[in-house]
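Have a look at the structure below before the remarks.
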Number of protein chains: 2
Amino acid sequence: MTQIPLARRSPVQPDACNLAKAIDVVGDRWTLLILRAALYGVRRFDDFQAELACPRTVLSGRLKKLVEDGLLTKRTYKSPGKRSRPEYVLSPMGLSLRPILIGLTQWGDAWLGQGETPPISFTKAGSKSAIRAAFVDIEGREVRPDQIRPVLRG
Amino acid sequence: MTQIPLARRSPVQPDACNLAKAIDVVGDRWTLLILRAALYGVRRFDDFQAELACPRTVLSGRLKKLVEDGLLTKRTYKSPGKRSRPEYVLSPMGLSLRPILIGLTQWGDAWLGQGETPPISFTKAGSKSAIRAAFVDIEGREVRPDQIRPVLRG
DNA sequence: CTGAATGGGTTCGCATTTGAAATCCAGACT
DNA sequence: AGTCTGGATTTCAAATGCGAACCCATTCAG
């Protein structure tokens, strides 16, 4: 197992680090739960609310921030015979978080699932064997975790 | 671009979902920032504090929770001529979050980096070309995002 | 033309969490 | 004995969170 050498500070200041910026955008419980629901296709205010069981104030605030940050797009839908309503759909920026949330799901399956079969898993279309989050080189071949090396700019 | 079909509810109840459980464990700004630092090798209370600039109360609480949840291991170190101190090192459970945080870093590079060269990137040992987070099938070959299919248990 | 129903919020009051600073504590060094 | 230092807890104001109630516009039913 990779042992990480002791460091007094991280090599990149948090405020210059895109990971820290990403954490500012998605590093919040409700925000992550909203994105989880959105990736499953939930789009409407009341559906989010039923799904998350969170205060409407919080939901309203988080949706607004997600739209401002560009992860969700607010647009209008209209079912026939009903008035038009806003719905919140994932933008490309939001959609591209999918691998990360699937990775986190699988991490949860491995460490928090108490040995039970995961309720949901992922396969390649047309295949039955499971896929997993990993790293690949430029040619799409897997790179094992102990082969990963950080490189600082400069 | 994959368009996700409308759903009123997600296919897995949040409290049965390992993603939701994972979010309960790591879905917090300070927790994520602590893990970020830990993955770069930070281990000691004051080093975390200098790195994060967060209240010591909050840091103390988060470290305790991370130990309880099993992501960090509290152990003792002793520099010669100094008294022994606790340090917080990543457990295997914590280490296995690395791909996810690297993935999130690259997501931030892509969407929040304002076109600048990322301050840190990752390569395969002995190679110069960058690696990226992706999905692989059982044989370690990449699976494109639009090929991913969720499968419910049952 | 009312009146209720529905979806999508906002307002309000209170409880919890957070932040910043001060304090505490144990062991090593002088 | 006194001081320094890393690792925390205490204190209290300020921010954020929660839940419930309320508001608003539209549509449908009578």
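Given the structure is predicted, the values throughout are model-derived calculations rather than measurements. Residue numbering restarts at 1 for every chain, and letters A, B, ... go by the order of the sequence lines.
For W30(A) and R8(A), each mapped to the nucleotide of DNA chain D holding its nearest heavy atom, the one lying further toward the 5' end belongs to R8(A). Residue whose closest nucleotide on DNA chain C sits further toward the 5' end, between R85(A) and K64(A): R85(A).
Using a 4.0 Å cut-off between charged side-chain N and carboxylate O, D47(B) and R43(B) make no salt bridge.
Within the structure, a side-chain polar atom (N or O) of R62(B) is placed less than 4.0 Å from OP1 or OP2 of dT18(C).
To the nearest angstrom, P of dT6(C) lies 17 Å from NZ of K78(A). Whole-Å rounding puts the K74(A) NZ to dG7(C) C1' distance at 13 Å. Remark: P of dG7(C) and CZ of R43(A) are 17 Å apart, rounded to the nearest angstrom. We find that CZ of F45(B) is positioned 13 Å from C1' of dC24(C), with the value rounded to whole Å.
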| message | If you apply the rule side-chain hydrogen bond (donor to acceptor under 3.5 Å, both in side chains), what do you find for R44(B) with Y77(B), and how did you get there? | response | CA-CA 10 Å; R44(B) 327 231 256 234; Y77(B) 74 93; 3.1 Å; yes

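Within 4.0 Å of R29(B), counting heavy atoms only, lies no atom of the nucleic acid at all. Using a 4.0 Å heavy-atom cutoff across all strands shown, T57(A) reaches at least one base atom of the nucleic acid. In this structure, Y88(B) reaches the sugar-phosphate backbone alone: every heavy-atom distance under 4.0 Å involves primed, P, OP1 or OP2 atoms, never a base. Among the protein residues, Y77(A) comes within range of the sugar-phosphate backbone only, with heavy atoms under 4.0 Å from sugar or phosphate atoms but none that close to a base.
For DNA chain D, the contact window with chain A, defined by any atom under 4.0 Å from a protein heavy atom, covers dG17(D) to dC28(D) in 5' to 3' order.
Side-chain atoms of E51(A) and S10(B) form a donor-acceptor pair, as typed in the model, at a separation below 3.5 Å.
Between the base of dG9(C) and the side chain of R56(A) there is a donor-acceptor pair shorter than 3.5 Å.
Expressed to the nearest 0.5 Å, how far CG of D146(B) lies from CZ of R98(A) amounts to 9.5 Å.
When atom types are taken as modelled, the side chain of D28(A) and the backbone of T31(A) share a donor-acceptor pair closer than 3.5 angstrom. Of the possible polar contacts, one joining the Q49(B) side chain to the C54(B) backbone as a donor-acceptor pair under 3.5 Å is found. One N or O on the side chain of R153(A) and one on the backbone of T117(B) form a donor-acceptor pair closer than 3.5 Å.
In this structure, the nucleotide among dT11(C), dA28(C), dG19(C) sitting nearest to the side chain of R83(B) is dA28(C).
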